[in-house]
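Structure record follows, encoded as structure tokens.
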Amino acid sequence: MATSMASQAAARGLRTATSKHILLDKLKCTWLSPRRWLNLQEYQSKKLMQESGVAVQRFYVADTASEALEAAKRLNAKEIVLKAQILAGGRGKGVFDSGLKGGVHLTKDPAKVGELANKMLGFNLTTKQTPKDGVKVKTVMIAEALDITRETYFAILMDRACNGPVMVGSPQGGMDIEEVAASSPELIFKEVIDILEGVRDDQALRMAANLGFKGPLQRQAADQIKRLYDLFLKVDATQVEVNPLGETPEGQVVCFDAKINFDDNAEFRQKAVFAMDDMTESDPTETEAAKWDLKYIGLDGNIACFVNGAGLAMATCDIIDLHGGKPANFLDLGGGVKERQVYEAFKLLTADPKVEAILVNIFGGIVNCAIIANGITKACRELELKVPLVVRLEAIVQYYCCFTLWNLSIFVVAQCPSK
């Protein structure tokens, strides 16, 4: 049970990016505050790939049923695939509140695309990964459906062990790569990339051969691999995963589905990419927290957690869970926090109707506890805190912090040094 809350928080999208990175420049340090994950719709990822010369299916995007119908006609394809665009997985088995079953449909009749889009757009789609009420579909993607004779897996990702990017591939694609690694590890191939040299021709050809491409297709696959690496660098990605990288009966190598993760600290030079961020499906509280560089993940308990450092935050959640309580959230202040951020964090916590108590657990190794104490004081006075507040501070300035908190009109328990 103790690890359940930490796992739940991690599963909701917590990165190792909650730790701080320090850049040293002539004895000057700058804290870089990692942001929330960038969320792109499927068509947006395909557009980025298309712009880098990566082979993808021909596609259009529509916001209305009439636009979808016109797009289907323009495609002039033998078969068309219509996909509802939401960030959650499991679309194919989802259900719309219009009664339509499935967020992914195949048809050879363009007129059918208009009819299906009319039952998708403006309606909520519920899948195993959405809230119980589903997510409203505002956009659909109309793409050329291609037959796949063979599916492979390919990815480029940053690997700490290799101190840089690596290519990972398998001739068994279209399925969970973890399952392949567990059942057939000999079918997982890896190539370390020299960040200064890039992907060499012999590396790309060797990976293409390991993926099972033969003859002219091997050279074509190698070219796609190099283009994917160009995309990886161009958008400051931490991972570009293509599953499947498929082979068609017509002799084409096509990236049918892709997932791109971005280095959030590169936002300052990837403004066009980050401008595509779709936050409409994000939890409003998590979105608001991100504005203040707070790492917040909502949980289903009633004890709000206010902690600095991801490890301490997860441990705090686990301790609450271990002793029979339930955390209402995961909230990591991180280091270099300002008094205003403390105040805004309390606004978020007290706005949650489920919260019946707040636990503050701060270790002063990466944050000035005096700032925390002043922020708590301001929040309690201005927000008229009405729930019990327990504060633990471990810092050099504990005396100051304790005296500051004792002056509050609300009862506070603080761990302070004995006199």
Side-chain angles (χ1 to χ4, degrees), residues 1-18 34-37 39 86-91 93-95 97 124-136 278-334 341-362 376 379-380 383-392 410 413:
M1 181 184 292
T3 58
S4 62
M5 301 313 300
S7 301
Q8 187 174 354
R12 288 287 306 279
L14 177 67
R15 278 187 176 176
T16 53
T18 48
R35 307 280 180 170
R36 57 185 286 281
W37 283 39
N39 294 317
I86 63 171
L87 297 172
R91 289 173 296 172
K93 296 182 179 179
V95 179
D97 56 7
N124 283 15
L125 173 60
T126 303
T127 77
K128 60 182 180 181
Q129 292 186 11
T130 64
K132 63 179 181 179
D133 294 329
V135 174
K136 181 175 287 188
D278 187 346
M279 301 177 71
T280 59
E281 296 178 32
S282 301
D283 181 275
T285 305
E286 294 180 16
T287 302
E288 181 65 23
K291 292 180 182 178
W292 299 99
D293 289 337
L294 302 170
K295 288 69 174 178
Y296 177 95
I297 299 172
L299 301 174
D300 55 4
N302 61 352
I303 301 175
C305 301
F306 181 97
V307 191
N308 69 315
L312 184 59
M314 286 191 282
T316 302
C317 288
D318 287 346
I319 289 171
I320 292 172
D321 197 58
L322 182 64
H323 289 276
K326 292 294 180 184
N329 65 276
F330 169 103
L331 192 151
D332 171 22
L333 289 175
Q341 291 169 284
V342 176
Y343 177 81
E344 293 297 333
F346 262 78
K347 280 182 66 177
L348 292 172
L349 298 180
T350 54
D352 186 346
K354 301 193 307 296
V355 171
E356 298 177 3
I358 299 175
L359 171 60
V360 176
N361 189 8
I362 300 295
I376 292 174
C380 289
L383 300 176
E384 298 181 354
L385 190 66
K386 293 181 173 61
V387 297
L389 172 64
V390 178
V391 180
R392 173 188 178 269
I410 187 170
V413 177

* According to the salt bridge (charged side-chain N to carboxylate O under 4.0 Å, His left out) rule, which pairs have a member within residues 306-315, sequence neighbours left out? -> none
Rounded to the nearest 0.5 Å, what separation is found between the [atom1] atom of [X] and the [atom2] atom of [Y]?
| X | Y | atom1 | atom2 | answer |
| --- | --- | --- | --- | --- |
| Leu125 | Ile86 | CG | CD1 | 4.0 Å |
| Ile362 | Asn308 | CD1 | CG | 4.0 Å |
| Lys326 | Asp300 | NZ | CG | 7.0 Å |
| Cys305 | Leu349 | SG | CG | 8.5 Å |
| Lys295 | Phe330 | NZ | CZ | 9.5 Å |
| Lys291 | Glu344 | NZ | CD | 10.0 Å |

Any residue meeting side-chain contact (heavy atoms from CB on, under 4.5 Å) with [X], in chain and number order, not counting sequence neighbours:
| X | result |
| --- | --- |
| Ala345 | Leu294, Phe306, Leu331, Leu333 |
| Asp97 | Phe123, Asn124 |
| Gln129 | Ala88, Thr127 |
| Ala379 | Tyr343, Phe346, Leu383 |

* Taking Asn302 for the side chain and Lys354 for the main chain, is one N or O donor matched with an acceptor at less than 3.5 Å? -> no
* Asked: Is the backbone N or O of Gly309 less than 3.5 Å from a side-chain atom of Asp332, with the two atoms forming a donor-acceptor pair by type?
  -> yes
* Of all the heavy-atom pairs spanning Cys380 and Leu389, show the shortest one and how long it is. => SG-CD2, 3.8 Å
* To do: Taking all heavy atoms of Leu312 and all of Thr316, pick out the closest pair and write down the distance.
  => O-OG1, 2.7 Å
* Mind checking what makes side-chain hydrogen bond (donor to acceptor under 3.5 Å, both in side chains) contact with Lys93, not counting sequence neighbours? -> none
* Asked: Any side-chain heavy atom of Leu359 within less than 4.5 Å of one from Ile320?
  -> yes
* To do: Please examine the side chains of Val135 and Leu87, heavy atoms only from C-beta on, and report whether any two atoms are closer than 4.5 Å.
  => no
* Please report the C-alpha distance between Ile376 and Val342 in whole Å, then the side-chain angles of each, then the deciding distance to 0.1 Å, and finally whether the side-chain contact (heavy atoms from CB on, under 4.5 Å) criterion is met. => CA-CA 7 Å; Ile376 292 174; Val342 176; 4.3 Å; yes
* To do: Please step through side-chain contact (heavy atoms from CB on, under 4.5 Å) for the pair Ile358 and Leu385, ending with a clear verdict.
  => CA-CA 10 Å; Ile358 299 175; Leu385 190 66; 3.8 Å; yes
